[in-house]
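Residue numbering restarts at 1 for every chain, and letters A, B, ... go by the order of the sequence lines.
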Amino acid sequence: MKARERTAARPVDTRPVRLEGRRQKWTARARTLAWLLLVAALAVAPFVAGSYRTLLLTEILIFGLFASSFNLLFGYTGLLSFGHAAYFAGGAYASALIMVEAELPLPAGILAGLVGGALLAALFGVFCVRVNEIYFSLLTLAFGMLVYTVVFQAREVTGGSDGFNLYELGSVSVAGRELLLGHPQVFYFVTLVTVVLGVALLERVGSSPFGQVLRAIRENSERVDFLGIPVRRYRYKAFVIAGAMAGLAGGLIAPFLRVAHPQMSHWTTSAEVVLGTILGGEALFLGPAVGTGVLIWLESLVTGRTVYWPLVMGVILLVLVLFLPGGILGTLTRTYRRVRGSGR
Amino acid sequence: MRSPALLETAGLTKHFGELYAVDAVDLAIREGETTAVIGPNGAGKTTLFNLVTRRMRADRGRVRFRGTDITTATPHAVARMGLVRTFQVSSVFPGLSVQQNLLTAVLARTGRSGVSTQSLERERESLERVQELLVRLDLRDDANVACDELAHGTRRRVEVGMSLALEPRLLLLDEPTAGMGTSERQATVELLSELARRGGTTLVLTEHDVDLVMNFARRIVVMHQGGIIADGTPEEIVEDIEVRRAYLGDSR
Ligand SMILES: Nc1ncnc2c1ncn2[C@@H]1O[C@H](COP(=O)(O)OP(=O)(O)O)[C@@H](O)[C@H]1O
Ligand SMILES: [Mg+2]
């Protein structure tokens, strides 16, 4: 086989789509098995890890969903949003408000996050999907800053710079036992179930014919238009789904941190998933979640010991661009293919 | 009596500054009438296609397709009505495999691409249709190769394949054999002839090689400096002295 050079910016996507055959069924099964193993490992983790690690893992899961939602726009559709935190924060404030002002329980709060993110995306998306490339990035950034300014200024509703606090998450009774939802392990499982559902939804949508059209739009949107597919409408739908799933992540982050804070909508929060996605690799479904997870984990190691986190970030970026084109997962799969290829 | 026109332009005009790329063009294409638009570089052939398929906005004039005014329609609406085109510079999905390119077009045709959680692999009918197209266009060996790794001529065939997947009423091909080798060129012409014979799709193509279109087109339209200067059967065109001077002169 001839060697094919690829640049980091242009991932190859030549996964064969065959009619169902024996081989196909086997790979589909292997994929399902891998997912089950991952979920099983995550379900066992809090029993092995201590409270601190469980909390860290909860945050990683939440940001993993957030990053995966971002990648429906970036990796699939080719739209680089610089304001995806707006929908994350929208979800966070929606869940906090619903739980505190309407005194509804945690599940309602989480769902409110999804609805809040979706509504906000449905509103801003109307404008954002009309423009391309750098203009899309700038417009999403502008809407992100708008949200930041609004939550910062509307002190009576949002608590301004103090954030909007929630204290009680209540409890559920499982098999006759009262479980405090605020308990790290209990909240971890609430998060795990929600994130698995959200991520599975994103994966299914990405693997559907709709996802195929999104990939085609990323590659050549003019071609898609001239095939008779309304590109804008597809982008809009992707934008709203991504917003809804970012909102769902936000619906978890507020009860997790017991606060919805303006910082959640800040452009640096948007930048965190952009960086995490590139770190993990946007061409693979789990790339963004893995990359963002690694980033959060590194941040937890470094901030305890040094105030130079931004410097560490800079070094990570540099290493990435220079040595890991395609991100962590991209590099791993490339290496794996090379090793397997030469072993034959 | 002649059959009604599939496509009709009236006074269609586009200028870039002082330059009139397409100048008051009246053209009617009837169903089944394979037409070649010829003319020297810069004659306005591509611009004419761009105006008709709404890639560009016309400055003046109107376009009707199957009786409907499409002068201000969107490109995707025009394509959906059955007016499909290929581009002078192949327009494909470079980072996707040949199979995925064709599949996207098939999905566009069937409209089975709304938001769902249905796996692509279960789109049996669409995938079978892709297999047919791969065979028909002799693309089976490259089915899983990314389009930007294909030879120039192969990439062109992918684009033709995508267009065929749409089962268009009218297919505009902008220099379909440009950059192809002799045998590939012949194969493409055979494919297009077969398509024309089959009916259902009317073909209009632009071409540089006059000999190539002589045997193939039933009608030849000659453009020069944005206008139509001759229009007739291949035999009539050969007779046309003005054409000799404007175009054929330098190829004889
Ligand atoms: N987008 C454009 N901007 C400016 N001039 C253009 C543009 N497109 C085409 N032209 C000019 O219009 C004329 C006709 O071009 P074109 O339609 O591409 O001719 P053909 O396809 O017959 O070679 C040429 O002189 C070309 O330079
Ligand atoms: Mg041209």
Please classify the contact between Val78(B) and chain A as side chain, backbone, both or neither, with a heavy-atom cut-off of under 4.5 Å. neither

For Glu282(A) and Asn71(A), the nearest pair of non-hydrogen atoms, with its separation, is O-ND2, 3.1 Å

Do the ring planes of Tyr87(A) and Phe239(A) sit parallel (below 30°), tilted (30 to 60°) or perpendicular (above 60°)? perpendicular

I'd like to know which of Asp225(A), Leu227(A), Ile241(A), Val213(A) tops the heavy-atom pair count under 4.5 Å against chain B. Leu227(A)

Residues of residues 50-76 of chain B with any heavy atom under 4.5 Å of a heavy atom in chain A: Thr53(B), Arg55(B), Pro75(B), His76(B)

Proximity breakdown for Arg112(B) and chain A, heavy-atom pairs closer than 4.5 Å: backbone

Less than 4.0 angstrom from a charged side-chain N to a carboxylate O is my criterion; do Glu167(B) and Arg129(B) meet it? yes

Please classify the contact between Ser126(B) and chain A as side chain, backbone, both or neither, with a heavy-atom cut-off of under 4.5 Å. neither

Angle class for the Phe87(B)/Phe226(A) ring planes (parallel below 30°, perpendicular above 60°, tilted otherwise)? perpendicular

What part of Glu222(A) lies closer than 4.5 angstrom to a heavy atom of chain B: side chain, backbone, both or neither? side chain

Hey, would you say the Tyr76(A) and Phe210(A) ring centroids sit under 6.0 Å apart? no

With side chain to side chain donor-acceptor pair (under 3.5 Å) as the test, would you mind laying out the steps for Glu33(B) and Thr202(B) before giving the verdict? CA-CA 6 Å; Glu33(B) 190 177 49; Thr202(B) 304; over 6 Å; no

